[in-house]
Amino acid sequence: MANEFYEQVYALVRLIPKGKVCSYGVIAEALGKFGAARQVGYALNKCPIDLPAHRVVNRKGNLSGKLNFGDDNMQKLLEAEGISVKNDQIVNFEQHFWDPIKELEI
DNA sequence: TGAGTGACTGTAA
DNA sequence: CTTACAGCCACTC
């Protein structure tokens, strides 16, 4: 690929602290692609094994790519990090939400 | 090149 | 809060 955007997405996802989650739109925004949330998801679709994609969810906190994440149970991984998941949706999403822009802005 | 697709989001109801 | 519609950008066929 050699797409810088993809690399940035991967790099940012890896920066997500354990026990925290983020939305596609925020990631796209942090990379300067305000309307490219779908591309973030597309980038994650490549899903490198070392990429904690389970920490990335949509704006509703729904595990959109749970099935696409792989054989592993995305919900289980989140719960292992202290994130409660109910009905494929993160509980207290705002509480676990991590804003890369705000964090990187420091 | 153009049409179809998608791990999305904002707005409206 | 959810559901439905439209807009959005990049990739695949």
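Within every chain, numbering begins at 1; the chains are lettered A, B, ... in the order of the sequence lines, protein sequences first and strands thereafter.
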### Query
Just how far, in rounded Å, is P of C:dC9 from OH of A:Tyr6?
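That distance rounds to 15 Å.
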#### Entry: Whole-Å distance separating the CG atom of A:Leu51 from the P atom of B:dA7
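After rounding, the gap between these two atoms is 16 Å.
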Report, one line per pair, each donor and acceptor closer than 3.5 Å where one atom sits in a side chain of residues 87-94 of chain A; sequence neighbours left out.
unit_1	atom_1	unit_2	atom_2	d
A:Asp88	OD1	A:Lys66	NZ	2.9
A:Gln89	NE2	A:Lys60	O	3.2

### Partners meeting side chain to side chain contact (heavy atoms under 4.5 Å, CB included) with A:Ala30 (sequence neighbours left out)
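Result, side chain to side chain contact (heavy atoms under 4.5 Å, CB included) vs A:Ala30: A:Leu12, A:Pro100, A:Ile101.
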### Message
Restricting to side chain to side chain contact (heavy atoms under 4.5 Å, CB included), what partner residues turn up for A:Arg14, sequence neighbours left out?
### Response
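For A:Arg14, the residues satisfying side chain to side chain contact (heavy atoms under 4.5 Å, CB included) (neighbours in sequence not counted) are A:Tyr10, A:Asp50, A:Leu51, A:Pro52.
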Counting only heavy atoms and a strict 4.0 angstrom limit, can you tell me which residues of [range] come near DNA chain C?
{"range": "residues 76-97 of chain A", "result": "A:Gln89"}
{"range": "residues 35-44 of chain A", "result": "A:Gly35, A:Arg38, A:Gln39, A:Tyr42"}
{"range": "residues 22-33 of chain A", "result": "A:Lys33"}

### Neighbours of DNA chain B within residues 10-18 of chain A, by heavy-atom distance under 4.0 Å
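Output list: empty, so none.
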### Query
Which ring pair (Phe, Tyr, Trp, His ring centres under 6.0 Å) pairs, counting each pair once, include a residue from residues 16-63 of chain A, with sequence neighbours left out?
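Only A:His54-A:Phe69 qualify under ring pair (Phe, Tyr, Trp, His ring centres under 6.0 Å).
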### Query
Distance check: side-chain N/O of A:Asn68 vs OP1/OP2 of B:dG6, anything under 4.0 Å?
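No, because none of the side-chain N or O atoms of A:Asn68 sits under 4.0 Å from OP1 or OP2 of B:dG6.
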### Task
Could you pull out all residues at least two apart from A:Glu79 that satisfy side-chain hydrogen bond (donor to acceptor under 3.5 Å, both in side chains)?
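Once residues adjacent in sequence are excluded, the partners of A:Glu79 under the side-chain hydrogen bond (donor to acceptor under 3.5 Å, both in side chains) criterion are A:Gln75.
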Tabulate protein N/O versus nucleotide N/O from nucleotides 11-13 of chain B, keeping only pairs under 3.5 Å, one per line.
none

### Task
Check every strand shown and say whether A:Asn45 touches a base, only sugar-phosphate, or nothing at a heavy-atom separation below 4.0 Å.
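It contacts base atoms.
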### Task
Enumerate the residue pairs fulfilling salt bridge (charged side-chain N to carboxylate O under 4.0 Å, His left out) with a member in residues 32-43 of chain A, sequence neighbours excluded, ordered by first and then second residue.
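For residues 32-43 of chain A, and leaving out neighbouring residues, there are no salt bridge (charged side-chain N to carboxylate O under 4.0 Å, His left out) pairs at all.
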### Query
Under a 4.0 Å N-O cut-off, is there an ion pair linking A:Arg55 with A:Glu81?
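Salt bridge between A:Arg55 and A:Glu81, a charged N being under 4.0 Å from a carboxylate O: yes.
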